[in-house]
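Presented below is the structure to which this report refers.
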Amino acid sequence: MSKVRLRFAPSPTGALHIGGVRTALYNYLLAKQAGGKFILRIEDTDQTRYVPGAEAYIIEALEWCGLRPDEGPGFGGNYGPYRQSDRKALYEKYAQQLLDSGHAFYAFDTPEELDARREQEKEVGNHNFRYDPTTRHSMRNSEALGAAETQRLLDAGTPYTVRLKIPTDEIVKIQDLVRGEVQFQSNELDDRVLLKTDRMPTYHLANIVDDHLMEITHVIRGEEWLPSTAHHVLLYRAFGWEDTMPAFAHLPLIMKPTGKGKLSKRDGAKLGIPVFPLSWQGETEAESFVGFREAGFDPRAVLNFLALLGWNPGTEQEIFDLEGLIEAFSIEKIGKGGARFDYDKARWFNQQYIMHTPDADLVTTLKPLLAEKGVHQDDAFLLAFVALMKERATVYGDFWEQGYYFFQEVTTYDTKAVKKKWQAERVPLFEQLRASLLALGDTGVPEIEATVKNFLEVNGLGFGDVFPILRVAITGTTKGPAIYDVMALLGAEEVDRRLAKGYAVFNAL
RNA sequence: GGUCCGUUCGUCUAGGGGUCAGGACGCUAGGUUUUCAUCCUGGUAACACGGGUUCAAAUCCCGUACGGACUACCA
């Protein structure tokens with residue numbers, strides 16, 4: 001068997017959907033596992049849907065995920081060009097080949113005529129008009145018009161499309177790697193357009209020509225392509241390429257978190273969750289979306305989550321890095337049913353990655369985020385901060401959200417827990433504690449702890465009488481890392497300032 | 001409507017003739033912790049339905065229901 005080559009072939013019509021990322025991932029995994037190539041091909045044959053920036057977005061998204069193509073636009077490779085608009089002439093040539101061999105025909109029907117015909121059929125109760133062997137002869141095409149008339153129209157420069165001539169009474173069998181054998185009756189298939197009036201190919205033609213020329217061995221794509229796979233098989237046959245036809249695997253779709261249907265970009269905005277890898281700035285607010293990256297996710301967690309959405313290793317292991325996925329992945333273990341997008345699970349994966357990432361690495365990724373907030377502490381401080389917060393963060397943004405007080409004054413005080421503990425007669429006591437803490441100077445946790453405990457003993461107070469006060473005065477919240485750790489990191493003078501301010505706030509309650 | 005695909009706890013799933021139907025997320029009870037989080041222990045909860053085949057069916061077959069995709073000169 002020759003070397004394995006898989007391609008990810010997105011269309012640059014906007015931001016790359018998270019399902020597309022999963023498709024890319026599965027392609028990547030299988031390619032790498034087999035020691036083969038992972039190829040990026042841009043399917044931009046629909047000029048009306050082309051969106052500037054979409055291709056750059058796709059590439060940036062793959063890069064963020066760490067799925068680097070071995071071949072593709074900007075990545076080199078000997079099978080280029082890798083952008084279909086740059087291969088236009090090729091498709092015309094192959095369309096001509098099909099025309100010559102009698103596997104395709106010229107169709108002169110305009111879109112308006114086609115629409116009119118559909119309407120007309122609808123009126124007589126036929127809701128599924130199809131351009132196929134049974135209707136072909138009533139349309140304006142080379143099959144119905146004959147050679148002479150066809151030539152006349154061609155000579156006159158009449159716009160035309162090239163359609164695949166579907167054979168009658170054939171059974172097209174597909175061996176799908178995920179679903180097993182799937183059969184189609186050719187009589188149920190339509191004479192699909194191969195080459196459009198603008199001389200650009202449709203997906204169907206381009207995809208077969210390119211996969212053949214690029215020597216693609218496996219086509220892993222979304223389930224939405226399953227119904228047209230019969231056409232693709234027929235195309236391989238028509239070209240005489242059936243013996244090198246790639247293997248097909250159709251992936252189950254990713255479904256909405258709630259309700260019915262497949263996950264759409266609208267679901268993200270509706271539920272306030274990311275469904276794209278990276279943020280996308282559209283023309284309007286409604287066409288702009290936040291990405292997993294901007295939502296504070298680690299790409300490794302996103303990949304891990306995506307990998308397990310529709311695939312499982314057959315063991316109880318859930319945490320996989322890319323290398324581990326490459327090793328464990330197998331196409332047989334891909335599920336058949338659609339998988340609901342579970343944002344909570346995605347968050348859990350992210351939390352796992354944050355907890356298990358070395359502190360120094362966390363500092364590196366957090367630095368730019370903190371810098372945006374005006375934080376420029378040295379690494380030693382950041383390292384200590386990260387160590388205290390990593391078990392409490394689910395997304396990267398949590399480090400700031402839940403730990404801003406390490407870098408600036410407390411903005412809001414959760415006084416509920418303090419109210420009943422803050423008694424007028426104890427205020428002198430707390431002032432005394434503040435003074436002894438300041439006198440201690442910058443020091444370690446054991447010293448602070450000893451001082452506080454001593455204070456507790458001497459004054460006959462319990463933990464519950466003091467900790468909420470210290471905690472809220474210093475951090476503003478009742479949650480967070482051990483307060484001694486926070487105090488040690490902040491330093492005696494800062495703690496003193498915060499206690500003074502906190503006491504003032506409590507006194508005003 | 002037609003064609004094709006699918007259906008195990010709320011969710012992701014294991015399991016492919018004989019299992020107490022397993023794990024994870026979530027939720028929940030408790031323990032640890034000055035708090036929160038982590039961590040530990042326990043609980044909750046599923047084979048869509050109906051027929052077959054078989055000594056035995058979540059597992060094989062057929063229907064039904066439900067869900068999904070496709071049905072463009074879009075991918």
Could you work out the separation of B:G6 and B:A48 based on their P atoms and round it to a whole Å? 15 Å
Ignoring backbone atoms, test whether A:Arg347 places a side-chain nitrogen or oxygen under 4.0 Å from the OP1 or OP2 oxygen of B:C25. no
Starting at atom CG of A:Leu388, determine the distance to atom P of B:C36, rounded to an integer number of angstrom. 17 Å
Going by the side chain to side chain contact (heavy atoms under 4.5 Å, CB included) test, name the single residue among A:Val209, A:Leu90, A:Asp210, A:Asp46 that passes it with A:Gln84. A:Asp210
Using the P atom in both, what is the distance from B:G2 to B:C60, to the nearest Å? 28 Å
Looking across every strand, which nucleic acid part, if any, lies under 4.0 Å from A:Gln351 by heavy atom: base, sugar-phosphate, or nothing? sugar-phosphate
Pairing check on B:U11: which nucleotide meets the Watson-Crick or G-U wobble criteria with it, both distances under 3.5 Å? B:A24
Mind checking A:Thr202 for me? I need base, sugar-phosphate or nothing, with any heavy atom below 4.0 Å counting as a touch. sugar-phosphate
Answer with base, sugar-phosphate or nothing: what part of the nucleic acid does A:Arg340 contact at a heavy-atom distance below 4.0 Å? sugar-phosphate
Around atom CD of A:Glu181, are there more than 12 heavy atoms of other residues, nucleotides or ligands at under 6.0 Å? yes
Kindly say whether the aromatic ring centers of A:Phe305 and A:Tyr343 come within a distance under 6.0 Å. no
Could you tell me which nucleotide pairs with B:G63 by Watson-Crick or G-U wobble geometry, both distances under 3.5 Å, or answer none if nothing does? B:C49
Is any N or O donor-acceptor pair between the side chain of A:Arg49 and the base of B:C74 shorter than 3.5 Å? yes
I'd like to know whether the aromatic ring centres of A:Tyr203 and A:His232 sit less than 6.0 Å apart in this structure. yes
Short N-O contact, A:Arg41 and A:Asp211, less than 4.0 angstrom: yes
Quote, to the nearest angstrom, the C1' distance that separates B:C4 from B:U38. 48 Å
Look at all strands and tell whether A:Gly261 reaches a base, only sugar-phosphate, or nothing, counting heavy atoms closer than 4.0 Å. sugar-phosphate
Mind checking if A:Met355 touches a base, just sugar-phosphate, or nothing, with heavy atoms under 4.0 Å? sugar-phosphate
Side-chain N or O of A:Lys479 versus OP1/OP2 of B:U35: is the shortest distance under 4.0 Å? no
Complement of B:A75, any strand, by Watson-Crick or G-U distances under 3.5 angstrom: none
Looking for any heavy atom pair under 4.0 Å, which part of the strands does A:Gly337 touch: base, sugar-phosphate only, or nothing? sugar-phosphate
Residue A:Phe463, side-chain atoms from C-beta onward, closest of B:G26, B:U34, B:G68: B:U34
Between B:U13 atom P and A:Ile334 atom CD1, what is the distance in whole Å? 11 Å
Distance check, P atoms only: B:A75 and B:U71, in whole angstrom units. 11 Å
Scan A:Asn207 against the nucleic acid and name what it touches under 4.0 Å (heavy atoms): base, sugar-phosphate only, or nothing. nothing
Counting heavy atoms not belonging to A:Glu327, are there more than 12 under 6.0 Å from its CD? no
May I ask you to evaluate whether A:Asn128 reaches the phosphate of B:U71, defined as a side-chain N or O under 4.0 Å from OP1 or OP2? no
Heavy-atom donor-acceptor pair, A:Asn459 side chain to A:Phe455 backbone, under 3.5 Å: yes
Measuring from the side chain of A:Arg192 (C-beta onward, heavy atoms only), which nucleotide among B:U35, B:C4, B:U71 has the closest atom? B:U71
Paired with B:G17: which nucleotide, if any, by Watson-Crick or G-U wobble criteria at under 3.5 Å for both distances? none
Using atom CG of A:Leu253 as one end and atom P of B:C70 as the other, report the distance to the nearest whole Å. 7 Å
Whole Å only: how far is the CG atom of A:Leu309 from the C1' atom of B:A24? 13 Å
Describe the nucleic acid contact of A:Leu189 in one word from base, sugar-phosphate, nothing, applying a heavy-atom distance below 4.0 Å. nothing
When rounded to whole Å, the CD to C1' distance for the pair A:Glu318 and B:U13 reads 9 Å
Could you tell me whether A:Gln185 contacts a base, only the sugar-phosphate backbone, or nothing, with contacts defined as non-hydrogen atoms closer than 4.0 Å? nothing
Is there a side-chain polar atom (N or O) of A:Lys196 under 4.0 Å from OP1 or OP2 of B:A75? yes
Check every strand shown and say whether A:Gly462 touches a base, only sugar-phosphate, or nothing at a heavy-atom separation below 4.0 Å. nothing
Report which part of the nucleic acid A:Pro12 touches: base, sugar-phosphate, or nothing (heavy-atom distance under 4.0 Å, all strands). nothing
Side chain of A:Arg118, heavy atoms from C-beta onward: which of B:C73, B:A75, B:C4 has the nearest atom to it? B:C73
Sugar-phosphate only, base, or nothing, as touched by A:Ala482 at under 4.0 Å among non-hydrogen atoms: base
Taking the minimum atom-to-atom distance to the side chain of A:Thr110, which one of B:U11, B:C73, B:A75 wins? B:C73
Quick check on salt bridge (charged side-chain N to carboxylate O under 4.0 Å, His left out): which of A:Asp361, A:Asp359, A:Asp298 does A:Lys390 satisfy it with? A:Asp359
Return the nucleotide paired to B:U41: Watson-Crick means purine N1 to pyrimidine N3 with N6-O4 or O6-N4, wobble means G-U with N1-O2 and O6-N3, both under 3.5 Å. B:A29
Rounding to an integer number of angstrom, what distance separates B:G23 and B:G43 when you compare their C1' atoms? 16 Å
Would you say B:A75 has OP1 or OP2 under 4.0 Å from some side-chain N or O of A:Thr45? yes
Pairing partner (Watson-Crick or G-U wobble, both distances under 3.5 angstrom) of B:C36: none
5' priority, RNA chain B, between A:Thr48 and A:Gly338 [closest heavy atom]: A:Gly338
B:C4 - base-pair partner by Watson-Crick or wobble geometry, distances under 3.5 Å: B:G68
Expressed as a whole number of Å, how far does the P atom of B:C36 sit from that of B:A46? 32 Å
Which listed nucleotide (B:U13, B:U11, B:C4) is nearest to the side chain of A:Ala339? B:U13
Nearest whole angstrom, please: distance from the C1' of B:G2 to the CG of A:Asn187. 14 Å
Taking CD from A:Glu123 and P from B:G1, how many angstroms apart are they, rounded to a whole number? 21 Å
A:Asn27 side chain to A:Thr23 backbone, donor-acceptor under 3.5 Å: yes
Under 4.0 Å, heavy atoms only, any strand: does A:Lys260 hit a base, just the sugar-phosphate, or nothing? sugar-phosphate
Under 4.0 angstrom between A:Lys333 side-chain N/O and B:G15 OP1 or OP2: yes
Which part of the nucleic acid, if any, lies within reach of A:Pro481 when heavy atoms closer than 4.0 Å are counted: base, sugar-phosphate only, or nothing? base
Heavy-atom side-chain proximity of A:Thr202 to A:Thr45 below 4.5 angstrom: no
B:C61 versus B:A24 - spacing of their P atoms, nearest Å: 31 Å
If you only use heavy atoms from C-beta on, which nucleotide in B:C5, B:U3, B:A24 is closest to the side chain of A:Glu223? B:C5
Does the B:C73 base have a donor-acceptor partner in the side chain of A:Thr197 within less than 3.5 Å? yes
Protein-nucleotide distance (A:Gln402, atom CD; B:U35, atom C1'), rounded to Å: 13 Å
Take atom P in B:G1 and the same atom in B:U11, then report the distance between them in whole Å. 25 Å
